[in-house]
Amino acid sequence: MEAALQTDTHAHGGGHAHRESFIRHYIFSTDHKMIAKQFMFTAIIFLFIGGAFALFIRWQLAYPGEPIPLIGQLLPSTWVNADGAVTAEWYTQLLTMHGSIMIFAVIIPLLVGTFGNFAVPLMIGADDMAFPFLNMVSFWLFPLAGVLMMAGFFVEGGMAAAGWTGYPPLSAIASMGQTLWIVSLFLIGFSSIIGGVNYITTVLNMRAPGMNMFDLPMTVWAVFITAIIIVIGTPVLAAALSMLFMDNFLHTSFFMPADLVVATRDMSRTAGGGQPLLWQHLFWFYSHPAVYIMILPGMGVVSDVLATFARKPLYGYKAMVFAIIAIAFLGILVWGHHMFQSGMNPLLGTTFMVSTMVIAVPSAIKTFNWLGTMWRGQMEFTVPMLNAVAFVSMFVIGGLSGIFMASTPVDIFIHDTYFIVGHIHYVLFGGSLFAVFAGLYYWFPKMSGRMFDDRIGKWHFWLTFITFNGTFFPMHILGVGGMMRRIYDPTVYDFLKPFQPMNEFITINAMVLGFAQFLLVYNMVYSWYRGRAAKRNPWRANTLEWVAPSPPPHGNFDVPLRVYRGPYEFSSPESVQDFLPQNVPPEEVVAQRARHEKRLAASQTRDGGSGE
Amino acid sequence: MLDWLPENVSVFGEGVDHLFSLIYYISVAIFILVNAIYIAFIFRYRRKRKGERAYYYHGNNILEFSWTALPFALFLFLAFYSDGIWEDIKYSDKTPNPDLVVEVMGQAYLWHFRYPGSDGIFGRRDSRFMATTNPFGIDPDDPNGKDDYVTINSMNIPVNKTVLVHLSSMDVIHSFFLPNMRVKQDAVPGQWVDVWFNSIKTGKYEIACAELCGSGHYLMRAVLTVQPQADFDTWIDEQYGSVSAALVAAGSPDQKNSSAPAATTPAVPTK
Amino acid sequence: MASGMSFEQIQKSYFTVFIALMVLTALTVAVTTIHFGDVANIVVGVLIAIAKAGLVAYIFMHLKYDHSRLRYFVTVPLFFFVLLVATLTLLGL
Amino acid sequence: MSTAATHTARFNTGIYHGKLGMWVFLASEIMFFSGFFGAFIVLRNLNLEVFTAGAHQLDKVVATINTAVLITSSLTMALSHLALERGHEGKFRLFLGLTIIGAIGFLGIKSYEYMTKFSHDIYPWTDTFFATYFTMTGFHALHVIGGLIPMVWMLGKSLTRGYPREMHHRVETLGLYWHFVDLVWIFLFPTLYLIF
Ligand code: HEA
Ligand code: HEA
Ligand code: CUA
Ligand SMILES: [Cu+2]
């Protein structure tokens, strides 16, 4: 333990005499904090890959058929034509890989993998996860899957090109790249399930003495509930992927109707027929809950950040917990809202519409409670707080656009248009990714032991916030105009021609947005080595992770822990300071107060009571 | 924002647009309300002096109950209000009696339209005969099918008449999207779906495919011509005979899988 | 697990369950040779399977003796199982 | 890097990690197979004749024998845990060995069944029934293999190097998994072989 303690405090320094070998420490580590960093590092790389793909998409949409500037000629000829312009084949691959990477290799690993791993054991006062070895397995499946997905580049026919939703028959008759995509998602799903089992066991079993479920910080609650969704939903996707794999690879017919006319496949060999909509049901049975997998941990992080920087107890803690539970539960009942126009029974459309409308209620509760948290607070607009504040506002826009789509008749028109693309990005970027930023900045001192650069952080925030809205808000207008998603060249349609200036505007914003992300990376890398040393509790927060040293050693805590109160006792009149950590014994609080009053009385007699 | 909507020329489109604007105004109102409070709080409750304490307060049950109940009521209202319109558009028992039935078949990357011909009866369909040359799988032995005719990427309908589209696909999923009619319906292979609409205005409109169906997805464009009944009738007469003969001859089952669909080189006029 | 019981008692209960499972297996196979009609056959087959599954979960997997909360790990997914299957079957696709 | 650096080995629920984690995992396994069962029902309703014809081609006798084998191995698994928990190491090895034999026997019979199908030119892509048949039984067989490996490992450990004190926890955890595999088969058997 002692040895581990010492080596770990140098974790970021490198080059020191390590007890553990380099491989055990950095590669096959079973320490939850190292695994969290690995998830973060890998996911940020994928963020840039997925983002670069988005920029290619944007270039093509704004300037259809024009060569990509600077790098167009350098790209492989399977991607671009002779001039260096995006080809239609590559475009479909781009949007598929963009969606798949962003969802499965960026947001889920960042929110669940990184924050789940880093924050959960620390926040419940545990020394590690319940199954450290499985945790390592769960991480390593993820880069493996990511590489497999990208490996489509090297095979005949290129990468997967059926959208991130992979609807058969298109995905079932597609090339080798699609097969790799299926295998890759299967592995990522397996990794998620292992992680989910781990989080559930950890939270249920390893809380510090005295810590009840209702003493858990919102982040832990959110990850816990998310893990339950993962455990329920992901296996269904795995089953669906297995069948799609059979269709794709062994030419069975789960999702392929009997009489297709396709050049690439001799259908006469198969008797009996499959059902394309079956895939959609199974896929959305997972993937709708998955969108809540991608927002709930973010909501948890934002709740923690908001309460900390408003110096106020979280408004309606229990209501917030029940809202998460309600979102999770209802979230598994609404999958059909992605299929309103799919040819499923319209009666089902009605039921799914009602359940979808109902699920907005707990989201409303959360929104109003965040407002309540800010009411009469003492807000400090640090970088994590700015991102959290932006989250709330952007999530409301994204959520409200969800209401349009939930209404079945309106969805007839906006289904599969850029309205959906706008919605996706408001909830996934404006929501999840801003929450990721908030969390990254918030826990950066704990992770690295150093403070980030505040000024660069603010630049990053404002640039991102402004260009984000410039990029994605106009997409709603495009959607209202009827522009279909996943089209290579909108100018083919007469009714879309007037929108071309808007597409250009979006693209310019997207470019700035993309390059603004280098500020984040620069800030993190620079501060990791050169930043000011961080105190144990730089934000004066209450939760247990701030009791541990920054960065926490192997085994996390150097003091015995006991929990006496909830996580949000900010500005409590009991306490001398405006925060009251969960582990401070009540006697100690009283004693502190007594000491403080004595000192106050003393100083008052000395200088006539200017006080604090 | 709603000014950007393409012109609506369909009967039920008005209901859709009305609902759209209703939700739009509700959303804008909520957005402004929430964000006004939000921004006010941001300015009002920022920390001005160090050491000042926030209000120590954990929540108020009455308030929380009301902001649960109000949205709940609002959402239920929206759901039921929407459902009325939805039922009118999609439920098969509410579909008005059609004046014209057209079969539509999606193929990567074009739309086939089939009219019943002068006898007003579609010939028997048999999927065994389906091929790129006979997208609907019209049975060559059925006399009713002899005068059926099929057009590619162009659909003609009479104005102010209820048109019932019988929709399917022969390869992958497509989506039959008529922006001006407020119609969108996925065409699923192996399954026939009915869609109806009723145009109140003559003119040429665009038909698009709204579901990713391959790299030529963006090219899957057809033209809808809405004509006065008389013009439509002459159009029908012109078509009659010219297409059907060639078509029936082509429909032999052994050709079914040999001919490749235009997967890489879509035979579509782009403009 | 059943801490109050002796080795022999538990062993006996395991054997009893085993015999019950075998008998039920024989019963399902026997029943299918009689044709009640399509739906009835399915119902009978599924009911017997549920009975067998209950025995396995209750005795072999110690649900009877173990912490009662463990039952949630069965009931919650079963709820969603039923939901998924019911949606897929009853309302058509 | 041992996690023995714990300053607290807590089990708030009173259930040790392994068992709790295994139950959570089994919950996810239920959902995994529910995907297949859901698909089975949909596809069956869509292609009733194909499914009936296919099911009649299956070998009920062999499947019944296999069911018996698997149920027996479930019994021996339960007994082996019981024996270890009460300290009867000899019996533990015996019953675990029997379980392993059962698992291998099940796989053997299953491969015989597959082989006869292949020799009759029946493959997953033959029709939708056999696609579901091979997928469902195949995944079940994979689960059997997934149980077999740790069983062999545990038996080896108990024969050579001795095992840690909490070994009976691991055996119980493995047992839970094994009974679940049995449970899945209990549903697969009537679904695929009997109800048509
Ligand atoms: C983080 C991800 C995330 C989140 C949180 C959500 C949240 C919601 N989503 Fe979204 N959704 C996606 C990610 C997400 N979605 C993605 C990726 C797709 C596209 C998939 C694809 O096809 O590629 C999609 C698609 C999608 C569709 C399918 C559209 C189509 O393809 O035709 C629908 C339809 O109902 C929908 C609805 C909703 C609703 C009602 C919510 C609700 O949960 C939102 C609730 C929130 C609010 C309503 C705001 C706050 C509330 C208030 C301020 C209270 C007051 C408000 C009122 C009284 C109105 N979403
Ligand atoms: C968390 C999820 C997430 C995130 C963060 C993003 C981020 C972005 N997305 Fe994405 N998007 C999705 C999830 C996400 N998207 C999903 C799920 C879909 C649906 C896919 C489907 O239909 O199947 C989608 C679809 C989608 C489309 C529709 C494509 C289509 O339908 O045809 C578009 C179009 O503009 C788009 C744009 C963008 C842009 C400009 C960004 C920007 O925010 C990106 C910012 C850029 C960076 C962060 C990287 C910066 C990198 C560099 C600066 C390196 C530059 C180097 C070179 C160019 C060589 N996205
Ligand atoms: Cu057809 Cu897209
Ligand atoms: Cu959804």
Side-chain angles (χ1 to χ4, degrees), chain A residues 88-89 92 163 167 169-170 257 259-263 266 273 276 311-313 315-316 319 341-343 346 350 353-354 357 360-361 364-365 368 371 374 376-380 396 400 404 407-410 412-413 415-416 477 480-482 484 486-489 492-493 495 571-573 578 612, chain B residues 1 4-6 16 19-20 23 27 31 34-35 37 41 45-47 51-56 58-59 64 67-68 71-72 75 78-79 82-83 85-86 90-91 127 130-132 170-173 179 182 184-186 188-191 193 206 208 210-212 215 218 221 257 260-261 263 270:
Chain A
E89 286 76 23
T92 46
Y167 281 4
L170 184 60
D259 294 288
L260 290 192
V261 183
V262 252
D266 175 12
R311 316 305 298 162
K312 255 197 78 186
Y315 197 96
Q341 323 309 332
S342 70
T350 303
M353 164 168 59
V354 175
M357 290 284 184
V361 174
I365 297 176
F368 295 134
L371 289 185
M374 295 167 74
R376 296 183 65 181
Q378 286 286 324
M379 285 190 274
E380 293 170 275
V396 169
L400 291 173
F404 287 79
S407 167
T408 41
V410 178
I412 295 176
F413 183 71
H415 171 67
D416 271 341
I477 300 174
V480 172
M484 292 78 70
R486 298 167 169 177
I487 51 170
Y488 167 68
D489 181 356
V492 166
Y493 291 88
F495 76 105
S571 299
S572 158
D578 66 351
E612 230 187 296
Chain B
M1 184 145 102
W4 293 95
L5 274 169
V16 172
L19 188 61
F20 203 154
I23 297 181
S27 298
F31 176 75
V34 170
N35 273 274
I37 299 174
F41 282 5
Y45 300 119
R46 63 168 63 234
R47 166 158 285 185
E52 196 117 346
R53 292 230 171 178
Y55 180 40
Y56 181 70
H58 282 94
E64 282 185 49
W67 68 44
T68 310
F72 190 73
F75 287 131
L78 276 182
S82 305
D83 187 53
I85 301 174
W86 173 251
K90 291 266 178 167
Y91 278 27
S127 52
M130 250 160 82
T132 40
M170 58 194 283
D171 39 31
V172 300
I173 301 178
R182 308 292 186 260
K184 187 179 285 139
Q185 176 62 57
D186 284 9
V188 185
Q191 178 178 339
V193 192
E206 285 175 293
E211 184 70 64
L212 181 64
S215 51
Y218 71 109
R221 171 179 175 272
N257 292 301
T270 49

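A note on names: the letters A, B, ... follow the listed sequences, proteins ahead of strands, and every chain is numbered from 1. All values reported here derive from a predicted model rather than from experimental measurement.
Heavy-atom distances place the side chain of A/Met484, and not its backbone, under 4.5 Å from chain B. Heavy-atom distances place both the backbone and the side chain of B/Gln185 under 4.5 Å from chain A. Within the 4.5 angstrom heavy-atom criterion, only side-chain atoms of A/Tyr167, from C-beta onward, approach chain B. Of the atoms belonging to A/Thr92, it is side-chain heavy atoms, and not backbone ones, that fall under 4.5 Å from chain B. When heavy atoms are compared at a cutoff of 4.5 Å, B/Asn35 approaches chain A solely by way of its side chain, counted from C-beta outward.
Put simply, of A/Val354, A/Val396, A/Ile477, A/Ile412, the one with the most heavy-atom pairs under 4.5 Å next to chain B is A/Ile412. With chain B as the partner, the residue from A/Pro169, A/Gly377, A/Pro346 showing the most heavy-atom pairs under 4.5 Å is A/Pro346. Contact count against chain B (heavy-atom pairs under 4.5 Å) is highest for A/Met357 among A/Met357, A/Lys312, A/Glu380. Comparing A/Val361, A/Asp489, A/Thr408 by how many heavy-atom pairs each has under 4.5 Å with chain B, the most go to A/Thr408. Chain B forms more heavy-atom pairs under 4.5 Å with one residue of A/Leu400, A/Val480, A/Asp578 than with any other, namely A/Val480. With chain A as partner, the option from B/Ile85, B/Val193, B/Val16, B/Leu5 having the largest number of non-hydrogen pairs under 4.5 angstrom is B/Leu5.
For the pair A/Gln341 and B/Lys184, the tightest heavy-atom approach, listed with the atom from each and the gap, is OE1-O, 3.6 Å. Nearest heavy-atom pair across B/Arg182 and A/Phe413 is CD-CD1, 3.8 Å. Minimum interatomic distance between A/Ser407 and A/Met353 (heavy atoms only, all atoms of both residues): CA-SD, 3.9 Å.
The number of heavy atoms from other shown groups lying within 6.0 Å of CZ (B/Phe72) does not exceed 12.
Checked by atom type and distance alone, the side chain of A/Ser571 pairs as donor or acceptor with a backbone atom of A/Arg311 at under 3.5 Å.
A/Phe404 and B/Phe20 have perpendicular rings, their planes meeting at more than 60° on a 0 to 90° scale where under 30° would count as parallel. Using the six-membered ring where Trp is involved, A/Tyr488 and B/Tyr218 have ring planes that are perpendicular, over 60° apart on the 30 and 60° scheme.
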Margin query: Using side-chain contact (heavy atoms from CB on, under 4.5 Å), reason through B/Ser82 and B/Leu19 one step at a time and then give a plain yes or no.
Written below: CA-CA 7 Å; B/Ser82 305; B/Leu19 188 61; 3.6 Å; yes
